[in-house]
Amino acid sequence: MSETVEQNYFIPEPSRWPIVAVVGLFTTVLGLALWLNDVSLGSVILIAGALIVTYLFFGWFGDVIDENLTGKYSQEVDRSFRQGMFWFIASEVSFFATFFGCLYYIRNISLMYLGGEGQLGTSNILWEGFQYAWPLVNLPDVTDYTQLKEAMGPWGIPAYNTLILLSSGATVTWAHHGLKSNNHNHLIWGLVATITLGVIFFSLQVYEYRHAYSDLGLTLNSGIYGSTFYMLTGFHGFHVTIGTIMLIVILVRSIKGHFTPDNHFAFEAVAWYWHFVDVVWLGLFVFVYWL
Amino acid sequence: MMSKPIAVCAKLSLLLTSFFTTPVFAAYEYNLPTPVAPLTTQMYELHMLTAKIATVIMIVVIAIVVFAIIKFRKSKGYEADQEFHNTAFGIWSWILVPIIVLGIDLTIAGSASDALSQVEDYSEADMTVKVTGSQWKWTYDYMDDDIRIVSNMLTKEEAGEHYLRAVDNPLVLPVNRRIRFLHTSTDVLHAWWVPQIVYKKDSIPGYINETWTVIEKEGTYRGQCAENCGTGHAFMPIVVEALSQEKYDEWLTTKKLAMASAAAEASADKVWTRQTLVSRGEKIYNTNCATCHQVNGLGITGVFPALVGSRIATGAISDHINIVMNGKSGTAMAPWAGQLNDLEIAAVITYERNAWSNNTGDVVQPADIKSARK
Amino acid sequence: MSAVIHEELHHEAPPTGFKRWLYSTNHKDIGTMYLIFALVMLFVGGAMAMLIRAELFMPGLQIVNPDFYNNLVTDHALIMIFGMVMPAAAGMANWMIPMMIGAPDMALPRMNNMSFWLLPAAAILLLSSMAVSLIPGTGTPVNTGWTIYPPLSLQTGMGMDLLIFAVHLLGVSSIMASINIVTTILNMRAPGMTLMKMPLFVWSWLFTGLLLILVMPVLAGGITMLLFDRHFGTSFFDAAGGGDPVLFQHLFWFFGHPEVYVLLLPSIGVLGLVIPTFSRKPLFGYKPLVYFMVFLFALSLVVWAHHQYTIGMSLGVTTYFMIGTILISIPIGLMIFNFIFTMWRGAMTFETPMLFGIAIIIMFSFAGVTGVMLAVVPADLQYHDTYFVVAHFHYALIPGAVFGLYAGVFYWLPKWTGHMYDETLGKIFFWWTTLSFNLTFFPQHFSGLAGMPRRIVDYNIMYVEFNQISSIGGFLFGLSHLLFLYIIIKTVKGGEKAPAKPWEGAQIGTPGLEWTLPSPPPFHTFTTPPQIK
Ligand code: HEA
Ligand code: HEA
Ligand code: CUA
Ligand SMILES: [Cu+2]
C-alpha cells in the first residue's frame, strides 16, 4: 500500500480556498487603506476582510487536515510541506533582518552624520547644538514629535521575557520528545506549558507598552528610538501572537490524537516557527534593549 | 510637422556613425557638454574612455555573432560540431573568458580611482556656497559674505529658447577659485547639477552633501534639478554666471549695497501708495508665484489653484497674509516668510488683491506684515 | 492496484466552467492564466508608455499635467515589472518546470493558484491608486516614480497607500510563487533527473526564486516603514526625528538590484534552451553557466548602492560598490559568450525564437556595457537620473527580459497550443519590434548625455529631435504588439498541427521531458514518475 502511494503523486481537488484567501486579503488591505484615510466604511470593510481571512484558515487547514488523516499524503507531499515551511521562515528571517539593518544604519550612520561626524558630518550645522547619544532622547528638532522622557532598560521585564521565551523553547522540544516517544501526557503538558509561557510573555509585553506610553513618554511619535523600538518589538509581538494561536491549534489536534510519532509535520512546523520567534527575541534583547 | 522627424532621422543616421568618435556637428548636443572645470574634465575623459571600451566590446561581440551567422548555417549544409565543447578551448574557456573580462573591468575601475578620490577630496576651499533646494526654486547662501540669492524659473515669455533652463537671478561665481558647495533641502530630495562645472549630489532635507569645483572659463552655465521633487520637478532650472575676479568683486559690492538698502526700506515703517505696491508686487509675483499660479492668475486646473476671484485673494486679508507667509502644509504652497521681506510680501499681496479682476482695492502695508511676524 | 488509487485521486478530464479557472490546482491552467494576465498588463503598461511618449513628442504640456505624468511613469514601471515580466516568467515556470523535471504538478498546487489570483487583486489596487487622484480631496497623485522615495512619497495622497498595499500583495504573491517553484525543483524531480541534468531554464528559475524569497521581504519592510511614517507619526525617514530619507533608498535598492536579475534570469534560461536547439549543438559550458549563476546570485545581493552614488558615501564605500558592480560583467559576460560559442560551429537555422535569441545577445550586451559605464562612479555623477539611465535600463529590460519571454512564447507556443505559429508573421514581428525598439531607445542615450533629466513632463527645445524620434519609434513599437497579439490568437485558434517535438534540435544537450509529451500535453502529466536513464 504505502509503496503504491509513494508511486502516485497526490494532486488536490480544485479548491475554493485560494480565491477566498485572495478576496479576504484584498478586502482587508482595501479596508485598511480607506480607514487610514478616514473614509467612511473603511473600518467596516477592514473587519469584513479580517473575518473572511479567519474563515479561510479554518476552511483551508481543515481540508489539509482531512486529507492528511485519510492518508492521502505520500512522503513526497510531506517533504514539500517541510521545504515550503523552511523557505517561508527564510523569508521571515530576511523580513526581520531588514528592521535590524535599519536600526544599525540609523545608529551607526545617520545619527553620526547628524551629530557632526563622518562623510556628511557638516549636516550638524543644520541642527544647532544637537548631540548624538543612544538611546536618542533629545531629537534634532522636537516640534513635530513628543519628548521622550526615558528609554526602556534591559533588566526587568525584558530580561524576564527572555527567560520565559527561552524556557518555552525548551518546553516545545520536550513536548516533541513526548510525541516521538508516543507519550501522550508528556506531549499535552509540554504544549500547555509552552502556550502558558507564550501568553505570559504576551501579557508582560502589553504591560510594558502601557508603561512605556504612560510613564516613559516612549511612543511611536517620540522620534527614531520609539520608531525602531515599536517596529521591532511590535512585529515580534505580532509573531508571538500568531505562534501562540498555532500552538493552541496544535494542542487541540494533539488532544484529538491527530499526530503519530512518524507523521506530525504540523507540529514540527509550528515548533520551527516558535524557535524562530525565540531567536528573533534574543536579537531584540541584545540590540534593542541592551546595547 | 511630418517632414521634421524625417529630417531628424537623416541626422540620426549620421550620428550613429559618429557616436563616440570625433563629433561631426560640434554645435549639436548629443554628448556630455564640454567641461570647464578640472573634475568635470576628468569625468568627461572617463566617460569617453568607457564609451570607447564599450564600443570596442560591442564591435567584437557583433563581429563574432555575424561571422557565426554567416558561416555556420544549416542551409549551407554545415554539420554541427558536436565535440566543440570538448576541445581544449571548450574545456578552458570558462576560465579564459572571465580572466579577460576581469582584465577589462580592472582597467575601467583603475582609470576611475583618481577622479573618485578627487570627488571625495574636501580640502579647504576659497569660498563656500550653501545651495538649498525647495519646491521649486533654488536658494544660494554665500557663507563667507552673507548674501542670499533666490532663483526662480523664468516664464516662457521671458526665457525664450532657454525656457526650462533659465532663471531670474543666476548664481554668480568667480573663475579660478576653489568653490565648495553645501547641498541641502527644505522639503524633498532635489539634485543640483550643472554638467559643465559641477557633477550632481543629492540635496537631502536635514543632511548636507558636498561638491566642489574650480571654474576655468567665464560664461553662463545651465542645468536642471536632477532628482524627482514632484509637481515642479521639470520647472526648477539652474543657471551659473562665472565672472572674472574683478567683475565678481564689483557685482559683490553692488549686490551688498542693494540688499542693505532694500532691507532698510523694508524695515522703515513707511506707508506706501497702492500703485507702487502693486507695481512692485507684480514683479515679485511674476518671478515667484507665476510658475504655479500663472501670470494670468488662473493657475492650472486640478494642480494649482487660481487666484482670480479666489476665496483667499478676495476674502479676509488676515487669511491671505497667513497663507502667503506660512504656506499650506501638504500642498505645493510654500511659506514665504523666510524668503521675502516685509515690503515684498506686502507688495505681492496687494498686487494679488488688485490684479486681474480682483479689484478689492485693499492695501497691505509692510507694517502689517511686521506685526504678523510676531 | 496503482491504477485504481490513481483514478480515485483525480479524474483526467479538466473540470468545466468558471471553476476550472477560479479553483484551479493545475499547473498548466494556472500557467495559462499567468501568461494571459501578463499579456493584458503588457498592453495596459504599454498604453501608459504610449501616453508618456505622446506627451514627450513635443515640448510643452499637451496631454497630461505634471503630477499625472509622473503618476503614469510610476504605474508604467510597476505594471511592466510586477504585472508583465514577472507574471510571464512565472507562467512559463508553471507550464514548463513540472513537465521538464517530470513532476505531475507544482509542489503546492493550491498555494500556486493563490499566488496567481493575488495578481489581479494587486493590479486593481494599483490602478485605483491612480484613479483616486482624480477624486478631489485625495491629495497629490503618486508622482514619485516607481522608487517612491521619501520625503516626496510622504507628501503624496491616498493613492500612495493603495500603491503600498498593492505592492504588499504583489510581494506576497511572488514570495509564494517562489517558495512553490523552489520546492518543486528541489523535491519533485523524477527519479534520475539529477540537478546537473536539469535544463538551464530550471536552474535560472531556482536562483530567481531564491532571490525573491530573500529580497521581497526587504521591500515589504521598507514600504511598511513608509506607511508608518505616513500615518503613525514615526520618523524613520525624517531627520528632525533622527531618521534618514536615504535609509529608504538602501532598502529599496537592496530589493531593487537583485530584482533586475529576477527579471533577467528566466530569459537567460530560455536562451539556454533556444540557442542550442536552433544551433543543433549542446549548450556550451553548461556546468560553468550553473556555477557562475551562483556567483551572480551572491554578487547581486551586495552591489545595490550603485543606484545611489549621489547620496554621498565615503571613498571606501563608493569604491567597493563600484568594483563590485563592474565585476557583475564576469558572470553575465560568461553567459553571453557561452551562448555565442554554442552557436559557433553549430548548424543554425533562424526560426523566430532563434532570431530573438541572437538579437538579445547583441542588444543585451549593449545594455550591459552601458551598465558598466554607469557603474563607474565619477561618470555616473553625470549620468545619474538622466535619460542615459532610461536608455540603459530599457535596453536591459526589453531585450534582456521581455524579448527573452517573446522567444519563450514562440518556442513553446506549439507545445502549449498544439499548433505551429505562422513563421512568416513571426519573422515580420521580430524585425518590426527590434528595429522600432532601437529607434525608440537608442536616441535616449544622446538626450541623456546632453543633459535631459528623467521624470520631467516638459523639456527644453534642445532635446526635441531625439524625443520625436523616440516617440515615433515608441508608437511603431507599440503597434507591433498588435501583430504579436494577432499571431498568438491565430495560433491558439488553429493552424498546422504541432508534433510532440516541433523543433529538430530540441532534444539536444540537457533536455527536459517536455518534448516527450504530446502537443498539447494532456491535462495531467506524469501521474506516475517517469524514469530517466
Ligand atoms: C533586466 C534588468 C537590468 C539588468 C540585467 C541590468 C544590468 C546592469 N545594470 Fe542596470 N538598471 C536597471 C535594469 C537592469 N540593469 C534598471 C531598471 C535601472 C534603473 C532603476 C531606476 O533608477 O529606475 C538600472 C540602473 C542601473 C544603474 C544606476 C544608474 C543611475 O541611476 O545612476 C547602474 C549603475 O551602476 C546599473 C548598472 C548595471 C550593471 C553593471 C549591470 C550588469 O549586470 C551588466 C552586465 C552585462 C554585461 C557587462 C554585458 C555582457 C558582458 C560582456 C559582453 C563581456 C565584456 C564586458 C565588459 C568587460 C564590461 N544599472
Ligand atoms: C519591463 C519593464 C519595462 C518595459 C517593457 C517598458 C516599456 C516601455 N517604456 Fe518604460 N520604464 C520602465 C520599465 C519598462 N518600460 C521603468 C522601470 C521605468 C522607470 C520609471 C521611473 O522613472 O520611475 C520606465 C520609464 C520609462 C520612460 C521614462 C519616463 C520618465 O522618466 O519621464 C519612458 C519614456 O520614454 C518609457 C517608455 C517606454 C516605452 C515606449 C516602452 C515600450 O516598450 C512599450 C511598448 C509596448 C506597448 C506599447 C504595448 C501596448 C500596445 C498598445 C497599447 C497598442 C496600441 C498602440 C499604440 C496606440 C501605438 N519608460
Ligand atoms: Cu527639484 Cu527636481
Ligand atoms: Cu542595479
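Below, chain A is the first sequence line, B the second, and so on; all start at residue 1. What's counted below: heavy atoms across the whole structure, side chains too, no hydrogens, waters or symmetry copies.
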Is it the case that the side chains of D29(C) and N113(C) hold a donor-acceptor pair, with the cut-off being a distance below 3.5 Å and no angle test?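 Result is no, nothing qualifies.
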
Who wins among [options] for the most heavy-atom pairs under 4.5 Å with chain C?
options: S123(A), G101(A), S110(A); answer: S110(A)
options: I106(A), N221(A), L34(A), L36(A); answer: L36(A)
options: L120(A), V93(A), L114(A), T98(A); answer: T98(A)
options: T143(A), L32(A), V20(A); answer: L32(A)
options: F95(A), Y145(A), F88(A), Y132(A); answer: Y145(A)
options: G118(A), A21(A), S80(A); answer: S80(A)

Please classify the contact of [X] with chain A as side chain, backbone, both or neither, using a heavy-atom distance under 4.5 Å.
X: I175(C); answer: side chain
X: M313(C); answer: backbone
X: L212(C); answer: neither
X: H168(C); answer: neither
X: F228(C); answer: side chain
X: L169(C); answer: side chain

Go through the atoms of [X] and report whether side chain, backbone, both or neither lie under 4.5 Å from a heavy atom of chain C.
X: F86(A); result: neither
X: Q119(A); result: side chain
X: T228(A); result: both
X: L220(A); result: both

Mind ranking [options] by heavy-atom pairs under 4.5 Å with chain A and telling me who comes out on top?
options: N187(C), V317(C), D244(C), I311(C); value: N187(C)
options: L210(C), L251(C), I213(C); value: I213(C)
options: M106(C), M114(C), R110(C); value: R110(C)

Check the pair Q147(A), V137(A) against side chain to side chain contact (heavy atoms under 4.5 Å, CB included), reporting the backbone distance first and the verdict last. CA-CA 7 Å; Q147(A) 179 59 46; V137(A) 178; 3.7 Å; yes

Where do Y225(A) and V288(A) come nearest, in terms of heavy atoms and distance?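 Taking every non-hydrogen atom into account, OH-O, 4.4 Å.
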
Closest heavy-atom pair and its distance - F100(A), V280(A):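 Heavy atoms of F100(A) and V280(A) come nearest at CZ-O, 4.1 Å.
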
Going by heavy atoms in the side chains, are [X] and [Y] under 4.5 Å from each other?
X: L284(A); Y: F96(A); answer: no
X: N138(A); Y: Q131(A); answer: no
X: L154(C); Y: L226(C); answer: yes

Could you go through the side chain to side chain contact (heavy atoms under 4.5 Å, CB included) check for M160(C) and L163(C) one step at a time? CA-CA 5 Å; M160(C) 181 56 77; L163(C) 185 140; 4.2 Å; yes

Of Y213(A), F235(A), F99(A), which meets ring-ring contact (aromatic ring centres under 6.0 Å, His included) against Y230(A)?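 For Y230(A), the ring-ring contact (aromatic ring centres under 6.0 Å, His included) test succeeds with only one of Y213(A), F235(A), F99(A), which is Y213(A).
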
Under 6.0 Å between the ring centres of F255(C) and W304(C)?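 So the answer is no for these two rings.
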
Strictly under 6.0 Å, is that where the ring centroids of Y73(A) and F81(A) end up?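 Close enough - the centres of the two rings lie under 6.0 Å apart.
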
Among F236(C), F237(C), W253(C), find the one that has a side-chain contact (heavy atoms from CB on, under 4.5 Å) with F248(C).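 It is F237(C); the other options fail the test.
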
